[in-house]
Amino acid sequence: MKINGDATIIGGGPIGSSTAASLAQKGYDVTVVEQKKEIGVPLKCAGLVSKRVFDLVNIDAETVTQNKLYGAYIHSPKGKTVLIKNDKPRAFAIDRVLFDKSLAEVAKKNGAVYLMNTTLDEIEKGNGFLKTRVKHGNENTFISSKILIGADGARSKVRKMFNLPEPQEMLLGIGAEVENIDVEPQYVHVFLGKKIAPGFFAWIIPTEKNKARIGLGSTQPLPKPVKTLFNDLFNYPTTKNYLQHAVITNITAGNIPLGIINETVKDNVMIVGDAAAQVKPISGGGLYTGLLSSKHCSEVAAEALEENKPTFDTLKKYHELWTKDIKREISFGMKIRKRFIHMNDNEIEHYFTYLEDETIISIISQYGDIDYPSRLLFPIIKNSPKLLHLLPKMMHLLL
Ligand SMILES: Cc1cc2nc3c(=O)[nH]c(=O)nc-3n(C[C@H](O)[C@H](O)[C@H](O)COP(=O)(O)OP(=O)(O)OC[C@H]3O[C@@H](n4cnc5c(N)ncnc54)[C@H](O)[C@@H]3O)c2cc1C
């Protein structure tokens, strides 16, 4: 089979579909190539997002929202706990499978064509276009288009094929859906500790009464087998109370790419979403940052198609735009991470004591923002004289 079009998007995840929806809405012929049989399945996400995510997509927030979350219990490695909460919802647990499906429906309604159960195989360069060979079983399809967009996730093949830089770090996220769990439905739980979640944290995100998504992140190579890392999550003194009676209904794992990629376009090629490591390093969340970047990706791709100039010189504007929006926050997150991954549990415990301060808790409750954690720095330092000595270090993190 042969297809001629304006843009080929590899990956029908949320970022590929959002990019496809915008380009198709502008009247361009878009083909989305997705290796899965069913959009969004299997689930590889904890589905925690801010309200901003809903502002970036054309779907009804209420239909995909499972739960509204008003704050978080943070647990130290040795069992201290603080609650940071607000009167207004600070985050939303979404049905990620439905979210992905809804975004794909919008793209299809706008005219994008989806080739499901189909995998990227080879790409050949033509004169001003790319010829992409994709495989559905033994069947080959050749798609000729002026622009190829790699929205093919953390281990992007497009990124590799075009020699674009790899992410600085690849975390492993291991998650599960559980029932029969005893937590207040309005608060997330975050567990710190090198044994529980090496170089990251573990979470419980209630989705409805007695149900939650739980999980942990770890640096790679893993310090112990993935199964052991996950099974142990149920047995730590800090997690046991909440998880000992949990019944697991679904387990999943996925890579989380971190760190700024300094090159995300080539002639006729763009990468976006996890493929471009557009992920927040402190939380591992990639939906907001990926969707925000997807807007720039589709706008610049449309401009290049309009001018019939899909060259590096035209497409590099996309790289400039997304880095302008989120590079600072990602760099800040990576600097925090660099320190965090080298901390042992005693050091984490030491820094945790700063959290046990009424003023600091109230500032975090007021200014805490899961998309822009750096915005907390100055209010905290300004309002806590005992932290004033940290100001030079903090300045360094922001520059
Ligand atoms: C355990 C875990 C928990 C997470 N929790 C959160 C969270 O709470 N909040 C949040 O914001 N983010 C979270 N994330 C991150 C979030 O899931 C990603 O940032 C998001 O899925 C990125 O979307 P994407 O479309 O770029 O990539 P993906 O969702 O990975 O989609 C890429 C698509 O490309 C397809 N594909 C890949 N290769 C090919 C190929 N060669 N040919 C054809 N198709 C291909 C894949 O099948 C997939 O459908 C989590 C991640 C993990 C692993």
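Every number for a ligand or one of its atoms is a count from 1 in the order of the listing.
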Run the side-chain donor-acceptor check on residues 258-266: report pairs under 3.5 Å with partners two or more places apart or on a different chain.
| from | atom 1 | to | atom 2 | distance (Å) |
| --- | --- | --- | --- | --- |
| Thr264 | OG1 | His319 | ND1 | 2.6 |
| Thr264 | OG1 | Trp322 | NE1 | 3.1 |
| Lys266 | NZ | Phe162 | O | 3.2 |

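Ligand 1 has an N or O atom lying under 3.5 Å from an N or O atom of Glu34, backbone or side chain. Taking distance alone, with nitrogen or oxygen atoms compared against 3.5 Å, Gly173 stays at or beyond that limit from ligand 1. Looking at ligand 1, you won't find any N or O of Asn255 less than 3.5 Å from one of its N or O atoms. Residue Ala46 has at least one nitrogen or oxygen atom sitting less than 3.5 Å from a nitrogen or oxygen atom of ligand 1, judged on distance alone. The distance criterion of under 3.5 Å between nitrogen or oxygen atoms is not met by Asp100 with respect to ligand 1. Where the criterion is an N or O separation shorter than 3.5 Å, residue side chain and backbone included, Gly175 fails it with respect to ligand 1. In terms of polar-atom proximity, Asp274 is counted as a contact of ligand 1, with an N or O under 3.5 Å from an N or O of the ligand.
Of all protein heavy atoms, the one lying nearest to atom 27 (O) of ligand 1 is Gly153 CA, 3.8 Å.
Taking the centre and axis of the six-membered ring of Phe142, the NZ or CZ atom of Lys131 falls inside the cone set by 45° and 6.0 Å. In this structure, Lys108 forms a cation-pi arrangement with Tyr114, its terminal cationic atom sitting closer than 6.0 Å to the ring centre and no more than 45° off the ring axis.
Looking at Arg155 against ligand 1, nothing comes within 4.0 Å, counting heavy atoms.
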